[in-house]
Structures are given as structure tokens and as C-alpha cells.
Visitor: 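Input: one structure, supplied below.
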Amino acid sequence: MTDLTAPQPYDPATLEPLWRQRWADRGTNQVDLDGAAKPFYALMMFPYPSAEGLHVGNLFAFTGSDISARYHRLIGHEVFQPLGYDAFGIHSENYALKMGAHPMELTPKNVANFQRQLERAGLMIDWRSKVDTSRPEYYQWTQWVFLQLVKQGLAYKKAAAVNWCPSCKTVLANEQVEGGQCERCGSAVEQRVLEQWFFRISQYAERLLTNLDGLDWSAITANAQRNWIGRSEGAELTFAVDGTGGEVVRVFTTRPDTIFGATYLVLAPEHPLVATITTDAQRAAVAQYQDATRKQDLISRKSTREKTGVFTGAMAVNPATGAPIPIWIADYVLMEYGTGAIMAVPGHDERDFEFAQVFGLPIVRVVAGPTDDADTPLGDVAYTDDAGGRLVNSGAFDGLSVTDAKAKVTAWLASHGHGTAVVNFRLHDWCISRQRYWGPPIPIIYCDACGTVPVPESQLPVELPYLADFKPDDSGVSPLARNEAWYRVPCPTCGAPARRETDVSDTFLDSAWYFLRYPSATHAEVPFDPARTRTWLPVDSYIGGNEHAVLHLLYSRFITMVLHDAGFLDFDEPFTRFRAHGMIIRDGAKMSKSKGNVINPDQYMEQWGTDAFRMYLMFLGPYEEGGDFRDQGISGVRRFLERVWASVRDCTTEGAADAAVVRQLHRTIKKVGHDTATLGYNTAIAAMMEYVNHLRRGERTPHRDEVLPLVQMVAPYAPHLAEACWEMLGHVDSVFDGGWPPFDPALLVDDAVDLAVQVNGKLRGTVRVAVTVTQEEALAAAMAEPGIAKFVTGELRKVVFVPKRLLNLVVG
RNA sequence: GCGGACGUGGCGAAAUUGGUAGACGCGCCAGCCUUAGGAGCUGGUGGGGCAACCCGUCCCGGUUCGAGUCCGGGCGUUCGCACCA
């Protein structure tokens, strides 16, 4: 029998499942997707469903997003907050390989486990809109997106290098290469050239860059994108090759002003011109160098700094000086940037300087610093500072500043047909092909007669077949290439026997459009329903990790722009606001399985309750910076929730609320509202704790009017507790339909304040004065305090008075 | 090497435009209650000093009536990118 007179204790173990069941039964977390008047799309980055289960980092991210979503609902929006699974990709495939399981069987199990953990986390998710990128009903539309890029002329095929492990005989993803070695067997990774599909994202570089200025994004994230896009202004210059009848080398440089100091050229080893210009005498040495470079993997080649190279035997003409200069090849010049060739100016570029020193090439000064003249030796480093430099040894351009010279030299060279000003980007085209199994098959068919034929949209999805052996092998193509029954198909155009593309697409393509799918996930016949898309997109608030600052966020922006330009969307930026959350560490160290300090969320939710766990995650540090998880810390938050519970349970309706408490309440409402809106969750929680301390000081019985707004404020943070408290206070609806409490600005300021009194900048005391006090009155009040007056010795030279804050007396 | 972020008690951390440094929480100390408590409640808690006071936000210097906050120069931690011409 329950003792009805005993005070009800706070018992999350029974209360939390009860409320989650009610939310499910009542559809509390569902929004009307077709009839929303004030729609708000709150998006969090969807997880990869690992076999280990939900990581505390996932929960930290999701909870912060959930609080924001719930807050927006409370202030009057109709909030759509979906979630799904990024279930395709190399992680799942590798894990399956390791466990000897099949991804097609393993993935649904992992998803089910994630689903169980997520439902326990008390998130305000509308699960009707769940997506799973590995399901045909999702990836048929991923394939549709691919076809739109083909249609727009933005997809093309070309040969490109991949990482190849000669021992495992398989293609490796970049993340499987560690320090130039295969992460599994440790053998040195090589490059291998394969035909692959690319998206022309570089064509959108300028737009991806300039649009950033109009987005409300974390500054760090926007900046990471700027650096990644890597815009640089310069010139493309041409150098004639001696004795080849018209061959020219095109180079890109950001320092056309230094052309008089260009003493040699360097081509990337794989530059197509190398074969043409290399002299017979040098042919063997060049071939040997090219071969050695190819044997290096893509990563270690970019990280070794020692300069190596070989002379091609060919000479070019410096168009500024008319002097013959040698053409070298070296792996410090990258084929994939600029033109794959440079003019080397060893006097004013560190890398060229190093190279020139190794091979004894001439080093000429053509820029002088403020304290140098034309003949000042360069010493043992290149002079690269262009701020105060002026040109020397540069003919008619001597004396010009570097900035002026860049424009004038370029114009002069252009007028003689030696080049033109250009803008270059670091951003490369997006390689979409993966020689793997666990992804959406690229929807292309190769026909001997018709060539490359896109799969007609009506024939989507191209289903990924079940392959018992899905291991990558030494064929250099996807495991799908072993399944003849699958890849042999008639050509959709002419009906002749043809062959499917057997590579799958990059996981980043799955996630580059998923936010478009959510609102329409219940519609099977279209990728995204026009009306719903108009209502809900672009995303109002996107929260996620900064590890995706570049790739995922950039690809999503690109795909959105393409779909906009193709007429499918009426916006060209997907995420109006983006905020990056921080990372959780534990006891000052990163969590890792080997250290055995990984947090198991289930265990904590079990012991302390979901609300306490959620709230502790939000309290342990600033959301956008992350913080240090310490087991002991959670007890403080749990105690706070107990006190909220007890305050509601024991509150009275007799008499009136205490005026001082009410004043504190209104200040708290203002601060919690502001801090919650700006993701300052840790300080919002602190403010609520402070208020509860006030509320209960001296073991007083709180008044109902003092606790009801507290329940509303705590609701986004501790939703189960808030619902239960809301019910205790006599409500039958959800607290999330009860709105956000208003505050009265008139109650925010006290009549009197403690004014800090300084003498010569040092705090000497405080005086209690009316807020309306004048400087003279404040001064008089301060001088009436003996503890302050005794420091005022000598002449009072100046008085600084900041109303409501301080009074500083300058004496001496 | 380049770029960003950061440096505050025993610990996690607060601090509108420069304006009472250390809110809130953990831990610790004392008291109350209790048969007992690893429960609850109340109070205290930057360092030094009996005290008046003095010293304190990584270090050095500057601007200012006043600097955790702004400027210059160091040191340290950390995260990205990494031969991008």
C-alpha cells in the first residue's frame, strides 16, 4: 500500500519511462509537417551506428541540440527535430570484416541498439521521419542526386591515384593509412592509378567562399572552410621550352613580381610534358625518379621535407630576362595544384631556396627589404616578406613596391603574350568513387555502343546485392565486380549487353543531402516533397561537431547549390545557422578503449537518471568548448533536481509570493532565456541553481508562483522531471505546450545597490545606495564610511562615478 | 612551418561595453539531525597574517582613474592544415 501522507520522493527510475511512454502515446514529439505556421527545423548531425553503441560524445551533441529545439518550441515555434543513421561506409564495412560478420546483417542490429539507447535519452525526436542511408528507399535518392550531377555536367570520370596496399592487395581509404603504412599489416602504401568519378565542386569554389559571409555560422567553422577553399590571386605565366618547336611550360605563381629572379622551372614528376621535353641523356634518371615517386603513398609524399629532384636536360627561357633556365622535376611540386609546374625563385621562396641549395642552382635577389639594397646578400634564408619590399635587379620595375609590381609585371607579361592574371583555389574536385562494397552502387552503365549511360531514374534504386564475400581484393575494383550476375545488364538505351559501374559512392554523398530527406521521409515517391521543403528548409539551426567543419558541411552546401541551380530548391545554402559543439574528455584525458576510461551512457542513466545525466553533460563546461567529465560532479546536478522536485511537491498556494524571491525569479528567467538561446547551457543551469538556493534559503516553504516558472525553465534540460512537476502543479497538458515564462523588466532592478568604492583604483569598501543616487550623494555616503575615508589622504583630484557600479576616488 | 583556440582556487568552471575576480558545482571544514551514515539540512572555504592589512587571473612591459578583459613581446598547452607555389 502506498502511504499517501508520506512525501513523494524523486524517483527517476519510474518517472522517466512513464513519461517517455506518454510522449509516444500522445504524439507529443510530433509536429504537423504539412500545416506548420511557425516552422523551425532543428537539426543535429546524425550518427554512424557503431557496434560499440552510443558514445557519450553523441549524447552530449544530441542533448545540446535537443535543449535548443525544446526551447524554441517553448517560445512558440513548431519544431521539427528528426534523427537517423549514417549507416553506409567504410567504418561499418571494416568492423564487419574484423568481426567476420556481414554488414547487411550487422548494421540493422547496430541501428536497433542505437535506437534503444536514443529513446532512453529523452530527446524530442519525431521518429516518423527517421532515415537510414543504407536502406534502398533512402539510397535510391542518393543515386538520383548523382544522376542530377551527371545531367548538369558536373560529374566526370578521370584517372586518379588511390592508396594501395601491396600486401593486403586492396585500396585503402586515407584514414586507413598511418604514417605511410597500412594500418592493418604495416606495409608501405603505394599509389595506384584508377579511373574514378569526380564532382566538379571546384567550379563552385568562388560561390562557396563568398556565400560564407552571409551565414550565421561559428567563426571557426567558416574560417576552416575559407582555408580549405584556399583562394589565392596570382598569375599563370608561360615559359617557352628551348629546341622543341613550340612547347611551353605553364606555371602558376602568386609572386609574378619576382620573375626576374626565376632561375629554373620545376614540374611535378607526373606532369604530362615531362615525357616530351626530357633529353635522351637524362631519360633514364628521370624515369627512375618518377618510378620512385610513384612508389610513395599519397600521404608521406606530402610530409617529407627533404628536397629531391632530377634535371630533365631541357632548358626554358625566362620571358623577363631572356636568360635560359633549366627545367627540373621534383616531388615538392604537386600535380594537383595550379598547373603542376612552378617557376622557382630561390631568393624569395623557402622551398625553392632549399632546393637550389641542394642542387647548386643560382639564387638571385630581386626584392630588397627596407634596410637592404640590390647587392645585400640573401644570407642563409629566402627573403619572403612582401610587406615592405621593393624590387631590385628587375629592369624597368626597380624601385616598385611588391604590391604595385605584382599588377604591373603581370600586365607587362600579358601584353607580350606570356601570361595572364588568374585566381587559383586549393579546393579539388570531389572524388566520389570507392572501390568498396558497403555503399550505394554508382548508377551508371557502360555500353560498347552507347558509351557511358546513366541509369534511367525510373530504374532506381540500383540495389546493392547481398555478397557473401564482400572483401576488397587485388583487382583494384569493387567487390561488386566479382558478381557477374549483378553487373551484366542490357544497355538501357540500345538493349545490347552492357556492364554496370561496380564502384560505390562516397559516404559523404549520403550525408550531403539527408537534411532534405527528413521532412519528406514519409513520402516514398519523391526525394523531397516541394511543399514540405518550402515549409521546413533551409535548416534553421544545425548543431554538430567541428570535425565535419570542412568535408561534410562543404559537400552539403555544394549539393544544395547544384540542386538549386537545377531548379529543385529555392535556396542555395542549406544551413542558416550552424554551431559547433565541443568535445568531452574524462578526468583531463581523451577517452579511449585502450585507457579503459570510456563512459557508458547506459550505466550513468541507470544510476542517476536520464535527466541528471543530460543536465550534468550540459553543466560540466561551455557547450561550444566541451569539458571534463568527472564522476563526482553528477551528484551536484542530481541534488539540484531533488530540490526542484521537493520545492514543487511542498509548495504552497497560501498568501502571496515573496517580493525578493520574485525579483530574483525574473532576473533568472531573463538570464536562463538568454543563455539557453545562445547555447550557454552551463551558466543557464548555474542561474537556476542559484535561484533554487534563494527559493529554499532558511528552509522556507516556496510559493506556487515562485516554482511554476522554474519548472518551465528547467523543462528543456530535464524534460521528464519537468513534465512530472507540471502535472503535480495541476496541469493535464505537456509542459512543452505551456510556453516560456515572461519576465517583467520593471522587476529586474533593485531600488538600492551596493556601490563599489575604490581609492586610487583599489577596492576599499562598498556603500548601499539608491540606484538613482548622484555622484555627490555617493561621494558623501562613501566619505561617511570610516573604513573608506581613512584612505582618502591628501587632495581629492578626480572622482570617477559609474552609476550602479562604482565610485573611484583619485587622491594624492 | 602556416592558421585557430586557450592559459583564472585543490578540481570543473563564472565574470554585458575595461568597472566589487572566483558566480554555480565538486571536494574539503564546522555545526544540526540521526542508533548510524558514503543520506539530508545550515554555514564556511583564493593565498599570507593574531590583526590592521598585504598579495593574487602563465611571465615581462605598456595604455588607463581602473586591465582576467585592450596593445607589444615572451613562455606553455591544444586542435586543424601541412611542400598549395
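Here is how names work: the chains are called A, B, and so on, in the same order as the sequence lines, proteins then strands, and each is numbered from 1. Values reported hereafter were calculated over all heavy atoms of this structure, with side chains retained and with hydrogens, waters and symmetry mates removed.
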Visitor: Using Watson-Crick or G-U wobble geometry with both distances under 3.5 Å, which nucleotide pairs with B:rG19?
Guide: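 Per the H-bond distance test, B:rC65.
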Visitor: Applying the Watson-Crick and G-U wobble criteria at under 3.5 Å, what pairs with B:rG12? Answer none if nothing qualifies.
Guide: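 The answer is B:rC24, by the H-bond criterion.
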Visitor: Tell me: CZ of A:Arg639 to P of B:rU42, nearest whole Å?
Guide: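 Value for this atom pair: 11 Å.
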Visitor: What nucleotide, of B:rC83, B:rG19, B:rA21, holds the atom closest to the side chain of A:Leu763?
Guide: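 So the nucleotide nearest the side chain must be B:rA21.
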Visitor: Can you tell me, in whole Å, how much space there is between the P of B:rU57 and that of B:rG22?
Guide: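 14 Å, rounded to whole Å.
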Visitor: Under a 3.5 Å cut-off for both contacts, is B:rA5 paired Watson-Crick or G-U wobble with anything, and if yes, with which nucleotide?
Guide: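 Paired with B:rU77.
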Visitor: Rounding to an integer number of Å, can you tell me how far A:Asn546 CG sits from B:rG3 P?
Guide: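 Going from CG in A:Asn546 over to P in B:rG3 covers 19 Å.
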Visitor: Nearest-nucleotide wise, let me know which of A:Leu755 and A:Gly627 is further upstream toward the 5' end of RNA chain B.
Guide: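 Checking each residue's closest nucleotide, the 5'-ward one belongs to A:Gly627.
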Visitor: Flag the pair A:Phe252 / A:Leu237 as yes when at least one side-chain heavy-atom distance between them is below 4.5 Å, and no otherwise.
Guide: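 Heavy-atom side-chain distance check fails, nothing below 4.5 Å.
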Visitor: Rounded to whole Å, how long is the line connecting atom CZ of A:Phe619 with atom P of B:rA23?
Guide: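 Computing the A:Phe619:CZ to B:rA23:P distance gives 12 Å.
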Visitor: For A:Arg426 and A:Ala687, find the nucleotide of RNA chain B closest to each by heavy atoms; which residue's nucleotide sits nearer the 5' end?
Guide: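 On the 5' side of the pair lies A:Ala687.
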Visitor: At under 4.0 Å between heavy atoms, how does the protein contact nucleotides 60-70 of chain B? Give one character per nucleotide, 5' to 3', with B, S or -.
Guide: -----BS----
Visitor: Quick check with a 6.0 Å cut-off and a 45 degree axis cone: is A:Arg764 positioned over the face of A:Phe791's six-membered ring?
Guide: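 Yes, A:Arg764 lies over the aromatic ring of A:Phe791.
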Visitor: Please report the distance separating the P of B:rC59 from the corresponding atom of B:rG10, rounded so that it comes out in whole Å.
Guide: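 Straight-line distance between the two P atoms is 14 Å.
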Visitor: A:Thr254 has a side chain; which of B:rG27, B:rC54, B:rA85 sits nearest to it?
Guide: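 The nucleotide sitting nearest to the side chain is B:rA85.
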Visitor: Should the ring pair A:Trp645 and A:Tyr10 be called parallel, tilted or perpendicular, given that the plane angle runs from 0 to 90° and is split at 30 and 60?
Guide: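 Aromatic pair A:Trp645/A:Tyr10 classed tilted.
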Visitor: Counting side-chain heavy atoms from CB outward, which of B:rG27, B:rA85, B:rG19 is closest to A:Tyr337?
Guide: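 The answer is B:rA85.
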Visitor: Nearest to the A:Val333 side chain among B:rC54, B:rA85, B:rG12, which nucleotide is it?
Guide: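 For the A:Val333 side chain, the nearest candidate turns out to be B:rA85.
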Visitor: When the P atoms of B:rA21 and B:rG27 are compared, how many Å lie between them, rounded to an integer?
Guide: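 It comes out at 28 Å once rounded to the nearest Å.
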Visitor: For A:Tyr332, does the six-membered ring have the charged nitrogen or CZ of A:Lys307 within the cation-pi criterion, i.e. under 6.0 angstrom from the centroid and within 45° of the normal?
Guide: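 Ring-cation test returns yes.
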Visitor: For B:rA30, which nucleotide in any strand shown is its Watson-Crick or wobble partner with both distances under 3.5 Å?
Guide: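 B:rU42 - that is the nucleotide pairing with B:rA30, both distances being under 3.5 Å.
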Visitor: B:rC41, B:rC24, B:rG27: which one has an atom nearest the side-chain heavy atoms of A:Arg643?
Guide: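 Comparing B:rC41, B:rC24, B:rG27 against the side chain of A:Arg643, the answer is B:rC41.
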Visitor: May I ask which nucleotide in the shown strands pairs with B:rA85, Watson-Crick or G-U wobble, both distances under 3.5 Å?
Guide: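 The answer is none; no pair meets the criterion.
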Visitor: With heavy atoms under 4.0 Å as the rule, sort A:Thr766 into base, sugar-phosphate or nothing.
Guide: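 Base, at least one base heavy atom under 4.0 Å.
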Visitor: How are the rings of A:Tyr623 and A:His581 set to each other: parallel, tilted or perpendicular (split at 30° and 60°)?
Guide: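 Answer is tilted, since the angle falls between 30° and 60°.
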Visitor: Could you check B:rG66 for me: syn (within 90° of 0) or anti?
Guide: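 The base of B:rG66 is oriented anti (glycosidic angle more than 90° from 0).
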Visitor: Would you check if there is a donor-acceptor pair between the side chains of A:Asp675 and A:Thr683 at a distance under 3.5 Å?
Guide: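 Their side chains do contain a donor-acceptor pair, which is all the 3.5 Å distance test asks for.
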Visitor: Can you tell whether the side chains of A:Asp754 and A:Arg805 come within less than 4.0 Å, N to carboxylate O?
Guide: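 A:Arg805 and A:Asp754: not salt-bridged.
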Visitor: Under a 3.5 Å threshold, yes or no: a donor from one side chain and an acceptor from the other, between A:Tyr337 and A:Asn424?
Guide: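 The answer is no; no qualifying pair exists.
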Visitor: Write down the distance between NE2 (A:His271) and P (B:rA85), rounded to a whole number of angstrom.
Guide: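 Distance check: A:His271 NE2 to B:rA85 P gives 17 Å.
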Visitor: Can you find a side-chain donor-acceptor pair between A:Asp631 and A:Tyr604 that sits under 3.5 Å?
Guide: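 Their side chains do contain a donor-acceptor pair, which is all the 3.5 Å distance test asks for.
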Visitor: Can you tell me, in whole Å, how much space there is between the P of B:rU69 and that of B:rG9?
Guide: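 That atom pair is separated by 15 Å.
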Visitor: Please classify the nucleic acid contact of A:Asn424 as base, sugar-phosphate, or nothing, using heavy-atom distances under 4.0 Å.
Guide: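 The answer is nothing, as A:Asn424 stays clear of every strand by at least 4.0 Å.
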Visitor: Between B:rG72 and B:rG80, how many Å separate the two P atoms, rounded to a whole number?
Guide: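 About 28 Å, rounded to a whole number of Å.
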Visitor: Contact class for A:Arg764 vs. all strands (heavy atom < 4.0 Å): base, sugar-phosphate, or nothing?
Guide: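 If one applies the 4.0 Å heavy-atom cut-off, A:Arg764 turns out to touch the sugar-phosphate alone, with no base involved.
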Visitor: Using the P atoms only, state how far B:rC6 lies from B:rU17, rounded to an integer number of Å.
Guide: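 One P to the other, the span is 15 Å.
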Visitor: Which value, in whole Å, describes the distance between the C1' atoms of nucleotides B:rA13 and B:rC24?
Guide: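 These two C1' atoms come out 8 Å apart once rounded.
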Visitor: Please report the distance separating the P of B:rC79 from the corresponding atom of B:rC28, rounded so that it comes out in whole Å.
Guide: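 Roughly 32 Å separates the two P atoms.
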Visitor: Between B:rU20, B:rU42, B:rC11, which nucleotide gets closest to the side-chain atoms of A:Arg630?
Guide: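 For A:Arg630, the side-chain atoms sit closest to B:rC11.
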Visitor: Who is the Watson-Crick or G-U wobble partner of B:rC50, with both distances under 3.5 Å?
Guide: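 With both distances under 3.5 Å required, B:rC50 matches none.
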